[in-house]
Amino acid sequence: MKNLSSFYKICFLGMALFGISLSYAQGTETKRLQAGMTGNFGLNFQKMGSKKMDVNGVGTDLSVGVIIHTSFKNSSNLGLATGLEFDFETLKYKAGADSVFYKYIDNEILGKDDAGGTAFQLSERQMKPIYVSIPLMLLFRTEPIGDFRYFGKFGIRNSFLVSQKINDMGVDVGSSTVIENTSMRSFGETFFYKGSIGFSAGAEWNFVGTTTLVPEISFFYGLTPMHYRFSEKNYSLYDGSGTYFYTKSKQNQLMLKISILF
């Protein structure tokens, strides 16, 4: 409930930011600032850092939020692109070369130093993190060509973890029964910050008045680990020999973004 309350607060802040930005943009004759709504559909490509866990297909990313384009004072062709987006991701993993296990109580996955729990052999894992993302990118635009204006972006996408759910398929070790553990929690399983660097290319179509439809395609290269454990006592996964480890992974993303700017 705490994570859900924080998420609603962030949603309210985002809508307030959009309202302020939109009001300012509509009252600016020079159009040095434009703001609007945006939506993304992305594909997530995990890069594994060890053979203990492997990818299990391509993940997805659905995003909604606000977008802001600004131009520098002395050049309408150069500016900054930013905004506030809510990312609903799916990550897919499976056990790698060795068998993978963890212990749990109810829907809580236990760490290395936690006592008790039921042993579970993991075969497939689906993670559903929610991020708040703030892109900060340089914007390069051409002069208008008819109703169109083409652009490129280059910069950093900063994402902050809000909440996550873990759904696991595997075998209950005690009964040898195939089961699904849904809505599991694991403290610190996903790193709270995700940073990536990337570029975009797209076009602005001025289809009515000062309103533009903006499609673009982006690629982002992951810089930070998706999962990181600061202390070995918090490792939750272990192999057949009883050696604990954490999932080593980074992420690349391919995104299609559609925006409306006012």
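Excluded from the calculations below are hydrogen atoms, water molecules and symmetry mates; all remaining heavy atoms, backbone and side chain alike, are included.
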| message | If only side-chain N and O atoms count, and only distance matters, is there a donor-acceptor pair under 3.5 Å linking K128 with Q164? | response | no
| request: Over 60° means perpendicular and under 30° means parallel, so classify the ring planes of Y102 and F120, tilted if in between. | output: tilted
| Hey, any chance L84 and V162 share a hydrophobic cluster, counting ILVMFWY side chains that come within less than 4.5 Å of each other, even indirectly? | yes
| Nearest atoms (heavy-atom pairs only) where D98 meets A95 | O-CB, 4.1 Å
| Distance-only, no hydrogens or angles: does the D172 side chain make a donor-acceptor pair with backbone N or O of T177 under 3.5 Å? | no
| Ring centroid separation Y193 to F160 under 6.0 Å | yes
| message | What's the separation between atom CG in L136 and atom NZ in K153, rounded to the nearest 0.5 Å? | response | 11.5 Å
| Going by atom types only, do R149 and T212 share a side-chain donor-acceptor pair under 3.5 Å? | no
| request: Answer yes if M37 and I134 sit in the same cluster of Ile, Leu, Val, Met, Phe, Trp and Tyr residues linked by side chain heavy atoms under 4.5 Å apart, and no otherwise. | output: yes
| Side-chain donor-acceptor pair present, D61, S63, cut-off under 3.5 Å | yes
| request: Nearest 0.5 Å please: distance from the OG atom of S218 over to the CE atom of M255. | output: 7.5 Å
| field | Aromatic ring pairing H69/F151, orientation class (parallel under 30°, perpendicular over 60°, tilted between) | value | perpendicular
| query | Any chance the side chains of Q46 and Y93 put a donor and an acceptor closer than 3.5 Å? | reply | yes
| query | Would you find a donor on one side and an acceptor on the other, under 3.5 Å apart, between the side chain of S196 and the backbone of F220? | reply | no
| query | Taking N181 for the side chain and M184 for the main chain, is one N or O donor matched with an acceptor at less than 3.5 Å? | reply | no
| request: Consider only side-chain N and O atoms of S76 and R32, and report whether a donor and an acceptor are under 3.5 Å apart. | output: no
| query | Aromatic rings Y238 and Y244: how do their planes relate, parallel, tilted or perpendicular, breaks at 30° and 60°? | reply | tilted
| query | Is a side-chain donor-acceptor pair under 3.5 Å present for N167 with E180? | reply | no
| request: Return the orientation label for the F148 and W205 ring planes: parallel under 30°, perpendicular over 60°, tilted otherwise. | output: parallel
| request: Could you tell me the separation between the CG atom of L110 and the OH atom of Y104, rounded to the nearest 0.5 Å? | output: 10.5 Å
| query | Which heavy atom of I109 sits nearest a heavy atom of S236, and at what distance? | reply | CG2-CB, 3.7 Å
| field | Short side-chain donor-acceptor distance under 3.5 Å, S249 and T247 | value | no
| Test of ring centre spacing under 6.0 Å for H227 and F245 | no
